[in-house]
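Step one of this worksheet: look at the structure below.
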There are 2 protein chains.
Amino acid sequence: MNNKFRCNCPITSALDILGDKWTLVIIKQILLQDKKTFKDFTNSEEAIATNILTVRMKNLVELNLVSKSKLPSNKKSVYYHLTEKGLSIAPIIIELALWAGETLKPLNSAMVEPRKMGLNQSNKEEYINNLVANYKEKLATTMYIKS
Amino acid sequence: MNNKFRCNCPITSALDILGDKWTLVIIKQILLQDKKTFKDFTNSEEAIATNILTVRMKNLVELNLVSKSKLPSNKKSVYYHLTEKGLSIAPIIIELALWAGETLKPLNSAMVEPRKMGLNQSNKEEYINNLVANYKEKLATTMYIKS
DNA sequence: CCGGATCCGTTTCGATACTG
DNA sequence: CAGTATCGAAACGGATCCGG
């Protein structure tokens with residue numbers, strides 16, 4: 001485990017992990033858009049290239065933010081899901097959503113727009129708690145084969 | 001103004017602006033570490049290269065997240081400071097700090113470690129409010145020449 | 001088909017030397 | 001001190017191929 005952190009600042013180190021073009025987009029897709037399989041991600045509106053996705057997923061699994069499993073119903077697909085550690089990124093995603101909602105107003109025509117999600121400054125704590133609880137609930141009631 | 005956003009998802013668009021290796025590090029340095037001048041940033045522990053810094057700062061100024069001024073006391077230095085819009089990124093920075101504090105514990109030996117900052121989950125709202133208020137106060141009492 | 005690997009051209013990054 | 005210029009290194013990304 002070589003240290004690939006720029007320096008010993010925690011925020012900077014967090015950005016060494018999360019601060020690239022795709023990592024947080026992938027986590028957003030899992031958390032808010034119900035994406036699960038390799039194909040879900042490559043077919044998303046962001047259209048991540050397969051080679052990039054492979055590398056990012058590998059990193060996320062190594063960091064224990066995402067875990068890989070298989071669904072018994074569909075043995076050909078891989079089921080990517082967030083770990084507890086991955087779920088702890090939810091507040092960052094929500095703050096990004098709120099910031100975009102306030103600052104990038106002109107382009108708020110999308111599905112994951114805060115208002116359409118029922119998200120705003122005053123309910124964000126509760127929103128995050130529900131989001132995480134719902135995700136855990138969904139995971140707990142999903143049959144999958146750990147790999 | 002060409003649209004350089006990947007898609008119409010606000011979160012993804014936010015990441016098109018903030019989701020690179022340096023942008024949020026720079027904002028962190030201004031907000032939490034009192035960095036102001038070109039030299040402050042290149043001399044930081046992150047040691048950003050001068051060419052990269054130039055491009056990032058240009059973007060941040062164009063996006064109106066950062067503003068460039070000069071200090072009358074030191075006319076050779078450029079004084080970079082956050083705009084109102086730039087200050088609205090504070091909650092994202094704080095969530096990154098908290099996430100790193102919890103998830104990257106092994107390397108929490110740095111200055112900007114949440115505990116040393118007196119930051120924790122239960123006081124984060126207040127912490128952000130104080131941080132922003134203090135920054136504004138400092139800016140309001142600083143003599144500088146708008147450019 | 002699905003998940004992923006490989007290939008390869010293009011873009012971006014980044015260390016350093018240099019300039020006004 | 002605040003940037004530019006240069007140039008090699010790394011990352012991105014489209015197309016295509018491959019194994020199960």
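Chain identifiers are assigned alphabetically (A, B, ...) following the order of the sequence lines, protein sequences preceding nucleic acid strands; residue numbering begins at 1 within each chain.
Following rounding to the nearest Å, A:K35 (NZ) and C:dC2 (P) show an atom-to-atom distance of 14 Å. In this structure, B:N43 atom CG and D:dG3 atom C1' are separated by 14 Å, rounded to whole Å. Atom pair A:K39:NZ and C:dG3:P shows a separation of 8 Å (rounding to whole Å applied). A straight line from NZ of B:K58 to C1' of D:dT4 spans 11 Å, rounded to a whole angstrom. A straight line from NZ of B:K36 to C1' of D:dA2 spans 17 Å, rounded to a whole angstrom. Remark: P of C:dG4 and CG of A:D40 are 13 Å apart, rounded to the nearest angstrom. The distance from atom CG of A:D16 to atom P of C:dC13 is 15 Å, rounded to the nearest whole Å. What separates CG of B:L53 from P of C:dT12 is a distance of 18 Å, to the nearest Å.
A salt bridge does not link A:K21 with A:E46: none of the charged nitrogens is closer than 4.0 Å to a carboxylate oxygen. Between B:R6 and A:E45 there is no salt bridge, since no side-chain nitrogen of the basic residue lies less than 4.0 Å from a carboxylate oxygen of the acidic one.
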*Checking salt bridge (Lys or Arg N to Asp or Glu O under 4.0 Å) for the pair A:E102/B:K85: CA distance, chi angles, key distance, verdict?*
CA-CA 9 Å; A:E102 288 161 19; B:K85 211 167 144 188; over 6 Å; no
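Without hydrogens or angle criteria, B:N123 side chain to B:G118 main chain gives a donor-acceptor distance under 3.5 Å. Put simply, the side chain of B:N129 never gets that close to the backbone of B:E126: no donor and acceptor are under 3.5 Å apart. At least one donor-acceptor pair closer than 3.5 Å links the side chain of A:T83 to the backbone N or O of A:L65.
Rounding to the nearest 0.5 angstrom, the gap separating the OG atom in B:S67 from the CE atom in B:M57 is 11.0 Å. A:L18 CG to A:S13 OG: the interatomic distance, rounded to the nearest 0.5 Å, is 11.0 Å. Atom CD1 of residue A:I94 and atom CG of residue A:L31 lie 6.5 Å apart, to the nearest 0.5 angstrom. In this structure, CD on B:E125 lies 11.5 Å from CG on B:N130, to the nearest 0.5 angstrom.
The residue B:Y80 sits close only to the backbone: its heavy atoms come under 4.0 Å of sugar-phosphate atoms, none of a base. Nucleic acid contact for A:T37: sugar-phosphate only, since backbone atoms but no base atoms lie under 4.0 Å from a heavy atom of the residue. Heavy atoms of B:S77 sit under 4.0 angstrom from primed sugar atoms or phosphate atoms, though from no base atom.
Using the six-membered ring where Trp is involved, A:F38 and A:Y80 have ring planes that are tilted, between 30° and 60° apart.
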Are any protein N/O atoms closer than 3.5 Å to N/O atoms in nucleotides 18-20 of chain C? If there are, list each pair with its distance.
none

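Rounded to 10 degrees, the angle separating the terminal axes of the helix from C:dC1-D:dG20 to C:dG20-D:dC1 is 20°, with each axis obtained from five end pairs.
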_Protein-to-nucleotide contact annotation, 5' to 3' order, nucleotides 7-20 of chain D [B base; S sugar-phosphate only; - none; under 4.0 Å, heavy atom]_ = -----SBBB-----
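Side-chain N/O atoms of A:K68 include one lying less than 4.0 angstrom from OP1 or OP2 on C:dG4.
Residue B:K138 qualifies as enclosed at atom NZ: its count of foreign heavy atoms under 6.0 Å is above 12.
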